[in-house]
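Notes follow once the structure below has been shown.
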Amino acid sequence: MKEIMEKKIANIFLTSIESDKKELFKNKFILGIHEKTILTKILKSNIKSIHAWGFIPSEKNLKIWQNLNINDWVLFYFDGRYSYASKIIQKEKSEQLATKIFGKTNHNRNLIVLFSKIFKIKKGFQKTNSEMGLETTIPEIHKINMIQAKEISVRKIIEKFGSIESYLEIIAPKITHKDISDIIPSSMKKEPKRIKSITLRRIRDTKKSIDLKKVYSNKCQICNYSFPDYVESGYSEVHHVWPMADNGDDDFDNMLVLCPNHHTEFDYGVIQFSQNTQKIEDIKGKIIGTVSFKKGHELNKKNIEFHNERVRKIFES
């Protein structure tokens with residue numbers, strides 16, 4: 001009998017950007033490389049831009065760099081936290097290529113790692129290191145340019161969150177041509193008044209939401225959309241048909257996997273269930289879509305009735 005091999009998971013590597021290399025990091029990793037002469041030399045595919053970073057070939061760096069594989073993740077410590085994450089598409093060891101990408105003064109960063117997409121993340125230094133199975137006492141500006149997360153820790157993360165993407169809460173980086181402060185009205189720039197308040201709320205079981213998203217492959221149950229161009233693993237939200245804030249149940253028979261648009265329409269009560277519970281209609285009774293259900297998942301009738309009654313009250317008030 002053939003031995004059943006355990007499924008290989010992606011590795012996670014962590015690195016910090018030296019203070020004197022911040023501008024280089026911004027230009028070559030965050031903004032990316034678009035020069036055709038470099039792209040055609042590196043890649044055989046038709047990717048129009050790549051993001052690159054290079055490491056000095058110390059003994060420790062070389063040993064870790066050799067363990068890097070396609071689709072492994074790298075987390076970058078930058079400006080006080082792990083701020084960026086990306087999946088590896090290729091690696092090269094070449095001083096000539098390092099010179100082309102990073103310039104003559106950085107030709108020694110010849111352990112090159114290439115990425116097609118980058119994601120902005122917000123992960124604290126010490127907590128993330130702990131979750132990766134690393135020493136929490138690692139100084140913020142650690143001497144090792146690269147470090148690898150413990151495989152058992154990565155497996156625990158995937159078991160808990162469903163995927164590395166979910167753990168990182170990745171969002172696609174937005175390209176802006178103006179600093180956000182330029183477009184905020186001056187009245188909004190004032191320091192808002194602060195008040196102290198105590199809020200009591202019910203804590204939802206995030207594992208249930210993650211599990212249901214996996215059942216539907218992060219695709220909306222109404223329109224089947226999952227933001228594939230922006231989030232590699234797809235993106236969806238779980239809606240509680242009878243809101244938990246109104247004492248609704250945190251159970252699968254009260255949950256739908258939706259895109260942000262349909263989620264918002266449910267929240268604002270501008271769509272409701274028709275008498276055929278798989279049909280969705282607007283407030284005038286016009287059928288606008290159908291809810292698809294996987295085997296074993298259905299809504300409890302009481303939750304459907306609560307939502308429709310809430311919609312009626314909203315538009316009668």
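Residue indices begin at 1 and follow the sequence shown.
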>> Pair Tyr82, Asn129 - check side chain to side chain donor-acceptor pair (under 3.5 Å), show working.
In response: CA-CA 10 Å; Tyr82 287 108; Asn129 288 346; 2.9 Å; yes
>> Whether the side chain of Lys122 engages the backbone of Ser83 through a donor-acceptor N/O pair (distance < 3.5 Å, no angle test) should be reported.
In response: no
>> Tell me if the NZ atom of Lys123 is crowded by more than 12 foreign heavy atoms within 6.0 Å.
In response: yes
> Are any non-hydrogen side-chain atoms of Lys93 and Leu62 less than 4.5 angstrom apart?
Replying inline: yes
> Does the pair Lys63/Glu59 count as a salt bridge with the N-to-O cut at 4.0 Å?
Replying inline: no
> What's the spacing between Asn218 CG and Ser166 OG if we round to 0.5 Å?
Replying inline: 6.5 Å
>> Less than 6.0 angstrom separating the ring centers of Tyr225 and Tyr235, yes or no?
In response: no
> Salt bridge check: are Glu305 and Lys302 linked by an N-O gap of less than 4.0 Å?
Replying inline: no
> Is it true that Asp79 and Lys22 have a side-chain N and a carboxylate O under 4.0 angstrom from each other?
Replying inline: yes
>> Can you confirm whether Asn300 sits close enough to Ile304 that some side-chain heavy atom of one is under 4.5 Å from a side-chain heavy atom of the other?
In response: no
> Do the side chains of Leu24 and Leu97 join up, straight or via other hydrophobic residues, at under 4.5 Å, putting them in one cluster?
Replying inline: yes
> Taking side chain as C-beta onward, heavy atoms only, is Leu258 less than 4.5 Å from Ser236?
Replying inline: no
> Between Phe252 and His297, does the ring centre distance come in under 6.0 Å?
Replying inline: no
>> Is the ring pair Phe29/Phe25 parallel, tilted or perpendicular, if the boundaries are 30 and 60 degrees?
In response: parallel
> For the atom pair CD (Glu237) and CG (Asp267), what is the distance rounded to the nearest 0.5 Å?
Replying inline: 8.5 Å
> Can Tyr167 be reached from Ile9 by stepping across I, L, V, M, F, W or Y side chains whose heavy atoms are under 4.5 Å apart?
Replying inline: yes
> With distance as the sole test, does Asn27 use its side chain to make a donor-acceptor pair with the main-chain N or O of Glu23 at under 3.5 Å?
Replying inline: yes
> Given the rule that I, L, V, M, F, W and Y join up when any side-chain heavy atoms are under 4.5 Å apart, are Val257 and Trp242 in one cluster?
Replying inline: no
> Which atom names give the shortest non-hydrogen contact between Ala98 and Arg109, and what distance separates them?
Replying inline: CB-O, 3.6 Å
> So, Phe76 versus Tyr84, ring centres under 6.0 angstrom or not?
Replying inline: no
> Quick one: side chain to side chain contact (heavy atoms under 4.5 Å, CB included) partners of Asn108, sequence neighbours excluded?
Replying inline: Ile56
> Do you know which two heavy atoms are closest between Asn110 and Glu95, and how far apart they sit?
Replying inline: ND2-CG, 3.2 Å
>> List the residues meeting side chain to side chain contact (heavy atoms under 4.5 Å, CB included) with Lys91, not counting sequence neighbours, and say none if there are none.
In response: Trp65, Leu68
>> Tell me the closest heavy-atom pair linking His107 and Lys104, and the distance in Å.
In response: ND1-O, 2.9 Å
> Does the pair Gln148 and Asn67 meet the rule for a side chain to side chain contact (heavy atoms under 4.5 Å, CB included), with working shown?
Replying inline: CA-CA 9 Å; Gln148 184 173 354; Asn67 289 334; 3.7 Å; yes
> Taking the side chain as C-beta and beyond, is there a heavy-atom pair between Leu168 and Phe119 under 4.5 Å?
Replying inline: no
> Between Lys279 and Thr290, do the side chains contain an N or O donor and an N or O acceptor separated by less than 3.5 Å?
Replying inline: yes
> Hey, any chance Ile288 and Ile222 share a hydrophobic cluster, counting ILVMFWY side chains that come within less than 4.5 Å of each other, even indirectly?
Replying inline: yes
> Hey, is the main chain of Asn11 close enough, under 3.5 Å, to the side chain of Asp72 for a donor-acceptor pair?
Replying inline: yes
> Would you call Met132 and Leu75 a side-chain contact if the rule is heavy atoms closer than 4.5 Å?
Replying inline: yes
>> Can you tell me how far apart CG (Leu299) and CD (Gln221) are? Round to the nearest 0.5 Å.
In response: 7.5 Å
>> Could you tell me if the side chain of Tyr77 sits less than 4.5 Å from the side chain of Thr15, heavy atoms only?
In response: no
> What distance separates Phe78 CZ from Lys120 NZ, expressed to the nearest 0.5 Å?
Replying inline: 10.0 Å
> What is the distance from atom CG of Leu111 to atom OG of Ser94, rounded to the nearest 0.5 Å?
Replying inline: 10.5 Å
>> Please tell me whether Met255 and Phe306 are part of a single hydrophobic cluster in this structure, the criterion being side-chain heavy atoms less than 4.5 Å apart.
In response: no
> Taking side chain as C-beta onward, heavy atoms only, is Leu114 less than 4.5 Å from Ile88?
Replying inline: no
> Hey, does the side chain of Thr264 reach the backbone of Pro260 with a donor-acceptor pair shorter than 3.5 angstrom?
Replying inline: yes
>> Donor-acceptor check, side chain of Asn254 to backbone of Gly248, threshold 3.5 angstrom: yes or no?
In response: no
> Between Lys100 and Glu92, is the closest basic N to carboxylate O distance under 4.0 Å?
Replying inline: no
> For the atom pair NE2 (His239) and SG (Cys259), what is the distance rounded to the nearest 0.5 Å?
Replying inline: 12.0 Å
> Considering only heavy atoms from C-beta outward, does the side chain of Val113 approach that of Trp53 to under 4.5 Å?
Replying inline: no
> Does a salt bridge link Arg312 with Glu309, judged by any charged N lying under 4.0 Å from a carboxylate O?
Replying inline: yes
> Under 30°, 30 to 60°, or over 60°: which ring-plane class applies to His307 and Phe273, parallel, tilted or perpendicular?
Replying inline: perpendicular
>> Could you walk me through whether Val270 and Asp282 satisfy the side chain to side chain contact (heavy atoms under 4.5 Å, CB included) test, starting with their C-alpha distance in whole Å, then the side-chain angles of each, then the deciding distance to 0.1 Å, before giving a yes or no?
In response: CA-CA 6 Å; Val270 296; Asp282 62 20; over 6 Å; no
